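Some notes on the structure that comes next.
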Amino acid sequence: MAKAVEGLRLITEEGLRHDGRRPDELRPVRMEVGVLENSDGSALVEFGKTKVMAAVYGPREPIQKYMVLPDRAVLRVRYHMAPFSTSDRKSPAPSRREIELSKVIREALEPVVLSEQFPRTTIDVFIEVLQADGGTRTAGVTAASLALADAGIPMRALVGGVAVGKIEGVLVVDVDEVEDGVGEADLPVAAAPDIGLITLFQLNGVLTREELDRALEMALGAIRRIVDMEKETLKSKYQVAGEGEE
Amino acid sequence: MSMTPYRLPVIPSIKKETYLSIYSKGLRLDKRDLITPRRVSIETGVIEKAEGSALVRLGNTQVMAGVKVDVGSPFRDTPDQGVLTVHAEFVPLASPIFEPGPPDENAVELARVIDRSLREVGVIDLKSLAIRPGDKVWIVWIDIYVLDHDGNLFDASMLATMAALYDTRLPDYEEYETGEIELIRDRRTDGLKINHTVVTVTTAKIGDFIIVDPNFDEESIADTRLVVAVDEAKRIVGAQKTGDHGLTREELSRAIDVSMKAAEVYFNALEEAIGRRVR
């Protein structure tokens, strides 16, 4: 976590943020699919300096034969941070934070993956945070959604994620590391707007009931935009592939 | 790595239908209504060797929390603060679905949700835990021990944690000229400086219903659960969706509303156990 710089104001008198963004403005977002050769589907997602890669393998034979379900695929998800992704080196061994985030990210994807179409198989989603600058779990969900679609896995809808923070009393969307380090609250949300489902919801910090409603509203608005970008990204790849030599 | 649970008990779909048809009458199988938690009992001081302890029964769920304290070094970035650590063990005696071994993702998640619910709002004044700022501070270990799993481990664990923190008395100590500090564990002194009281309320979405405090059977047919942490001033101090399905905006909102109401029941039980009002 970034340390607060003494006396630094994170919201200016004009209501702008330390990097000049408006409260409801995302960082520059970049999305790319098919970035890896070996995996069945892959994606690279950037929100500002946050850089996350996801790869999907499957549906495939489970490595351990007993880890199967007779009526659906087993979804396996790993969220992992590269040792060089943070200011202080992060040990590559999975931390308790990574164990928890792997779980909530899997649970953010379960509602949209049509796993019942692939009984007795495994679908693996591997998320690597290459650079962490806030919002890595929600960027991870976004990258995973793209990678699943890129792998051709049937889904009910695409999922996108973003975190809303409360910084110096102001609700802001897509918090970066500096804001996260000093914020009063952090609300990571993932949703599938096309089917009206919130699939990841965490609150770290303190909000009133009314603030929570407004923060959720902001998150869902931003997620709508993020999912639209996902669709554009997928369209542009597959339109080119259709016309080209692939 | 997180995996779709593949070892959970198989639930006949007829069972789910039975539950849903009873819910539609506003009732539960154990005769509760949809938004009332099970009977809560909280006993403090159950482990004399721990600096603080509590046993919580929530229906047939039993969770014990123990607080142990040590003297140690502060973290470099918070030299004037004590250290708070929350750990949860789902020990195999508590349920046929628990296996011996290191904490799995469910135990890790539970401990981290409770840790954040305590930390973010500042339940414990960590500055008051500095003995010699920058050098020696109190390290507070909260260990959550699930003894009998009949659902809703979050709420039972949070109540046990809160009650054990209120029960905690720091040991006396001797400070030598060398700077060493020796604890005298059988002489207890002050309690912890507790600034806020937090409970969590877990709701489950089952079909179109939102129910409070699901038991084990209800959890196994639940689509998903929401844990909401509420403090004595009715602020929301933490939340976590846990489970393989999603929630609509309306369901989420409804779940938060009933959670804030049900929190009263837990606060009443907690106040009775610690013998004073916190609201």
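No experiment lies behind these values; they were computed from the predicted model shown. The sequence lines fix the lettering, A, B, ..., with proteins before strands; numbering per chain opens at 1.
- Of the two parts of Y66(A), the backbone and the side chain both hold a non-hydrogen atom closer than 4.5 Å to a non-hydrogen atom of chain B.
- Residue contact with chain B, scored on non-hydrogen atoms closer than 4.5 Å, is absent for I195(A).
- Your options are R249(B), R235(B), E109(B), R119(B), and the one with the most heavy-atom pairs under 4.5 Å with chain A is R249(B).
- The number of heavy-atom neighbours closer than 6.0 Å to OH of Y145(B), taken from other residues, nucleotides and ligands shown, is 12 or below.
- The contact between T242(B) and chain A is made by backbone and side chain atoms together, counting heavy-atom distances below 4.5 Å.
- Interface check for chain A: of the options A233(B), P103(B), P5(B), the most heavy-atom pairs under 4.5 Å are formed by P5(B).
- The local environment of CG in D208(B) is sparse, with at most 12 non-hydrogen atoms from other residues, nucleotides or ligands closer than 6.0 Å.
- Distance alone, capped at 3.5 Å, places no donor-acceptor pair between the Q240(B) side chain and the Q202(A) backbone.
- The pair R116(B)-E100(A) meets the salt-bridge criterion, since a charged nitrogen lies less than 4.0 angstrom from a carboxylate oxygen.
- No side-chain N or O of S102(A) forms a donor-acceptor pair with one of E105(B) less than 3.5 Å apart.
- If you tally non-hydrogen atom pairs under 4.5 Å between each of R112(B), M260(B), E250(B), E251(B) and chain A, the highest count goes to R112(B).
- Side-chain contact between N106(B) and K103(A) is present, with at least one heavy-atom pair separated by less than 4.5 Å.
- Within the model, atoms CZ of R106(A) and CE of M1(B) stand 11.5 Å from one another, a figure rounded to the nearest 0.5 Å.
- Counting heavy atoms from C-beta outward, M3(B) and P62(A) have side chains that stay 4.5 Å or more apart.
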I'd like a table of donor-acceptor pairs (distance under 3.5 Å, sequence neighbours excluded) in which one partner is a side-chain atom from residues 156-163 of chain A, with atom names and distances.
{"from": "R156(A)", "atom 1": "NH1", "to": "P111(A)", "atom 2": "O", "distance (Å)": "3.1"}
{"from": "R156(A)", "atom 1": "NH2", "to": "E116(A)", "atom 2": "OE2", "distance (Å)": "2.7"}

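- Counting heavy-atom pairs closer than 4.5 Å to chain B, the top residue among L75(A), V68(A), L187(A) is L75(A).
- Considering only heavy-atom pairs separated by less than 4.5 Å from chain B, the leading option among R76(A), E217(A), R78(A) is R76(A).
- A donor and an acceptor atom, one from each side chain of T208(A) and K234(B), are nowhere located under 3.5 Å apart.
- The closest side-chain heavy-atom distance from L203(A) to I236(B) is below 4.5 Å.
- In this structure, chain A has heavy atoms under 4.5 Å from both the backbone and the side chain of S253(B).
- If you tally non-hydrogen atom pairs under 4.5 Å between each of V77(A), T199(A), I99(A) and chain B, the highest count goes to V77(A).
- Contact of I198(A) with chain B is made through backbone and side chain together, with heavy-atom distances under 4.5 Å.
- Few gaps surround NZ on K231(A); more than 12 heavy atoms of other groups in view lie less than 6.0 Å from it.
- Looking at H87(B), both its backbone and its side chain come within 4.5 Å of chain A, counting heavy atoms on both sides.
- In this structure, no portion of D124(A) lies under 4.5 Å from any heavy atom of chain B.
- Taking the side chain as every heavy atom from C-beta outward, L252(B) and F201(A) approach each other to under 4.5 Å.
- Only the side chain of V104(A) comes within less than 4.5 Å of a heavy atom in chain B; its backbone stays farther off.
- Between L200(A) and K241(B) there is no side-chain heavy-atom pair separated by less than 4.5 Å.
- Using a 4.5 Å cut-off between heavy atoms, D257(B) contacts chain A through both its backbone and its side chain.
- For chain B, the nearby parts of R96(A) are the backbone and the side chain; heavy atoms of each come within less than 4.5 Å.
- Other residues, nucleotides and ligands contribute over 12 non-hydrogen atoms within 6.0 Å of the OH atom of Y6(B).
- Atom CZ of R76(B) is separated from atom CG of D88(A) by 7.0 Å, given to the nearest 0.5 angstrom.
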request  = Step by step, work out the side-chain contact (heavy atoms from CB on, under 4.5 Å) result for L197(A) and L247(B).
outcome  = CA-CA 5 Å; L197(A) 273 190; L247(B) 290 161; 5.6 Å; no
